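Notes to accompany the following structure.
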Amino acid sequence: MAVIELKNVRKAFGAVEVIGCVNLTIPDGAFVIFVGPSGSGKSTLLRLVAGLEDASAGQILIDGADVTQMGPAERQLSMVFQSYALYPTKTVRQNMSFGLEVARLPKDEIEARVDRVADILKLGDYLDRKPRALSGGQRQRVAIGRAIVREPVAFLFDEPLSNLDAALRVEMRVEIAKLHQRLGATMIYVTHDQVEAMTLADQIVVLDKGAIQQVGTPMELYQRPANLFVAQFIGSPKMNILAVQPDGAAVAFADGTRADFGAQVAQNLSHIGFRPEEVQLLDEGEGQLQGTVEVVERLGSDTFAYVALGALGTVTIRMPGNVLNIAPGQRVGLGLTLPQLHLFASDGTRLS
Amino acid sequence: MSIVGKTATSGKFRRNRWLLTGVLSLYFLYTFMPLFYVITAATKSNPDLFSTFGLWFAPDFNLWDNLHTLFTIQDGIFLKWMGNTAYYSSISAAGAALFSTFAGYAFAKYSFFGKKLMFALVLGAVMIPQTALVIPMFLMLSKLGLTNTAFAVIAPSLVFPPGVFLMRAYIDDAISNELIEAGRMDGAGEVHIFSAIAFRLLMPGFTTVLILAFVANWNNYFLPLVMLNKPDMFPITVGLAQMYSTAISGTGGVLLFTVVMTGALVSIVPVIAAFLIMQRFWQGGLGAGGVKA
Ligand SMILES: Nc1ncnc2c1ncn2[C@@H]1O[C@H](COP(=O)(O)OP(=O)(O)O)[C@@H](O)[C@H]1O
Ligand SMILES: [Mg+2]
C-alpha cells in the first residue's frame, strides 16, 4: 500500500525530451489511469515509476522515501506488460514463483502463495502448463498472477488488455476492477482507450506530448475538461467543437452566424464545445444554428443524428431512446444554452 | 519448387520450374561429384584406384581392408589424430559459441559506450579470414613459448565473429525486451536473467553457432599446420596432408593413396552428423523462441 509521488520528473532520450516536468501524487489505494494518444509518453512515465527507465531529472517517492536511484526490484512494485512477457520455458507455477524464489522465500510459503493467487484468478487447472498452451485471456491472468504473488506495494499495468479481443477485454476489465476492490492496492494503469479509463479509474491523468493535461475523476474530466485536448479526447462520441469570435455580448461563428446567449462572454473566447447530449434538436428556424440532418443512427437506447452546418462542419447529436421524427435531409435548428457550453480561450484552456 | 497446396500455376511458371530444376540438378552434381569420388575411392585397392573408372566402384570391394589399414598404420596414429581433432574442435566450438552468445546478448540487449564501433569491428573481423592472422599469431605465441600446445590451436579459435553476428540477430528476435524487464521487476540480476530466462530461449541459435564453429574447426588446416610440428599432436587434416605428401614422394609406398582417401571419408562422417543434428534444430527449434508468450 503506497503513496507514489513524482516531483519535477523529466525524461529525455538523447536530445529528445519525452516527459517534461511532471508533478503528480497518486494516493494510497487509488486506481489511477494514464491515458493519452499513442506516443504521448504514458509508457515512459510508467516505466519511470517502475524503475525500468532512469529519470533525467526530478524525484520519485514511494511512501515518502526517495526511490529515484533504486532499481525496479527494490521499489517493490509489480508490473503487467502489454505482451504479458511470461517466461516461455517455465510453467505457470514457475512463472508465478520466479520472483519469490529470487527473493529467497521458503519453499512452502512460495507454494502457498501461488496456490492462493491461482485460486483467485481461477488458474488452478493450468499450473503445470507452459504459456504457449494457454489462451490469450489465461496468459493475461498468469501475468496478473505473477504480479500479485509478490505482494507489491503497488501495481503497474501497461496496456494490459490491448492484445485481447473485444469481448474478452470487457470481461478482463471487470475482473481488474474487482481485483482492485479486493486487494485495495495502489494501481497505475496505462491505456490509450478512453472508455477503459472512464470505466476503471478513480483518477485519470490525461497526457499529451509528455505533459499532464489534466488530473481528475472521470466525471470531472467529462464535465469540466481543462482544455480543448481533454475535451476532445474524453467522451465517445467526441465533443463537438466550433470556432467562434466574441462579438460584443454575443458570439460570431466562422460563417458569420451570430448567437446571443443573453450573457457577456470573455473577450479571449475562441472555441465553444458541447457534448452530443448537450444540444437540443429543434425545428428549422429555431435555436442558434441551422443545418441539415445527414445521417441518423438508431441504437435502440440512443439515436444519433449527424447534422451538417455548412461551412462550420458536422456536429453529432445524441438523443435518448428511439426518436422517430427525424430523417436524413431534414432541415433542423440546434438549441444551445450557455450553462451547458464549454468555453475555451485562444490558447485552448477552459474559460469559466 | 512449388508451394505446397493448391495454387494456380501458369505455363510460364511450369517452364521456369523445369529450368530451375535443371540448374539445381547440375549444381547438385557439381558439388556431389567430389564426395562421390571419395566414397568410391575408399572402397578400392590401390592398383584399382589408378586402373578403374574414378566415378564408379571397382569389382573388388576393398573398404574393410582400407579401414583396417587406416586404423592400424603407424601404430594407429589416425585414431590419435581423430581424437586430437575432436578435442580441439569441441573445446573451440563450445568456447566460441559461448563467447558469441555472451557478446551477441550484450550487443542485442544493452546499450554501452562504443557499442557501434565495437560491432563495426566485429563485422570487419567477419571479412578477415583466420588464415591471414595465423602467422602473426604464431610469432606471438612462439615468443610466449606456447606453440606446439593444444592452447595454440584452441585459443585463436575461440574468437568467432560470424557467431557474434548471428547471435546478435537471433537474440534481437528471440528475446523481447519486456521479457528481460519482467525478470528485473521480479528482482533477478542480469546474470540470473540470462541464465534462468534467456539462455533456454536462445538455445537454437547457440546450437547453430556451436555446430558451425565445430565444423569450421574440424576442417581447419592452416592454423594447426603452423602451430604444431609433432605428428602425435596433429589433427586429421594436417596428418592426412602429410601422409598424402609422403605418398606422392613415393617414400611411404603406394599403399598410402587409398589410406588417405579412406581417412578423408572417415573424417567427414562427424561433419555430416553435425549437420543432420543442426537441421533438426532448425526445423523444430528456431520458431520456439519467437512465440510471443
Ligand atoms: N527507448 C527510447 N528511445 C528513444 N525514444 C523513445 C524510447 N522510448 C520511447 N521513446 C519515445 O518517447 C515517446 C513516448 O513513448 P511512449 O512512452 O512509449 O508512448 P505511449 O506509451 O504513450 O504510446 C515516443 O515518441 C517514443 O518514440
Ligand atoms: Mg505505450
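Everything numeric in this text was worked out from a predicted model, so none of it was measured. Naming convention: chains lettered A, B, ... in sequence-line order (proteins, then strands); numbering from 1 in each chain.
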Legend entry - Contacting region of A103(A) [heavy-atom separation from chain B under 4.5 Å]: neither
Legend entry - P88(A) side chain reached by L179(B) side chain, heavy atoms, under 4.5 Å: yes
Legend entry - E178(B) and Y84(A), any side-chain heavy atoms less than 4.5 Å apart: no
Inset, instruction - Using a cut-off of 6.0 Å, state whether more than 12 heavy atoms not belonging to K209(A) lie near its atom NZ. - result: no
Inset, instruction - Answer yes or no: is there a side-chain heavy-atom contact under 4.5 Å between I197(B) and F98(A)? - result: yes
Inset, instruction - For R150(A) and M185(B), indicate whether the former's side chain and the latter's backbone hold a donor-acceptor pair under 3.5 Å. - result: yes
Inset, instruction - Count the heavy atoms belonging to other residues, nucleotides or ligands that lie under 6.0 Å from CE of M137(B), then report whether that count exceeds 12. - result: yes
Inset, instruction - Please flag which part of L134(A) lies under 4.5 Å from any non-hydrogen atom of chain B: side chain, backbone, both or neither. - result: neither
Inset, instruction - Check whether more than 12 heavy atoms from other residues, nucleotides or ligands sit under 6.0 Å from atom CZ of F165(B), and answer yes or no. - result: no
Legend entry - Flag if over 12 foreign heavy atoms under 6.0 Å of CZ, F13(A): yes
Inset, instruction - Against chain B, label R47(A) side chain, backbone, both or neither, depending on which of its atoms sit under 4.5 Å from a heavy atom there. - result: side chain
Legend entry - Toward chain B, the part of T89(A) with a non-hydrogen atom under 4.5 Å: both
Inset, instruction - To the nearest 0.5 angstrom, please state how far the CD atom of E101(A) sits from the NE2 atom of H192(B). - result: 8.0 Å
Inset, instruction - Count the heavy atoms of every other residue, nucleotide or ligand shown that sit under 6.0 Å from CD of Q76(A), and state whether that count exceeds 12. - result: no
Legend entry - Per-residue contact mode, A196(B) against chain A (heavy atom under 4.5 angstrom): both
Legend entry - Y87(A) side-chain N/O to A182(B) backbone N/O, donor-acceptor pair under 3.5 Å: yes
Inset, instruction - Report, as yes or no, whether the 6.0 Å neighbourhood of atom OH on Y110(B) holds more than 12 heavy atoms from other residues, nucleotides or ligands. - result: yes
Inset, instruction - Mind checking the CG-CG spacing from L100(A) to D186(B)? Nearest 0.5 Å is all I need. - result: 8.0 Å
Legend entry - Atom pair CD1 (I180(B)) and CG (L52(A)), whose distance is rounded to the nearest 0.5 Å: 11.5 Å
Legend entry - More than 12 heavy atoms from other groups under 6.0 Å of CZ on F113(B): no
Legend entry - Heavy atoms from other residues, nucleotides or ligands near CD of Q69(A) exceed 12 (cutoff 6.0 Å): no
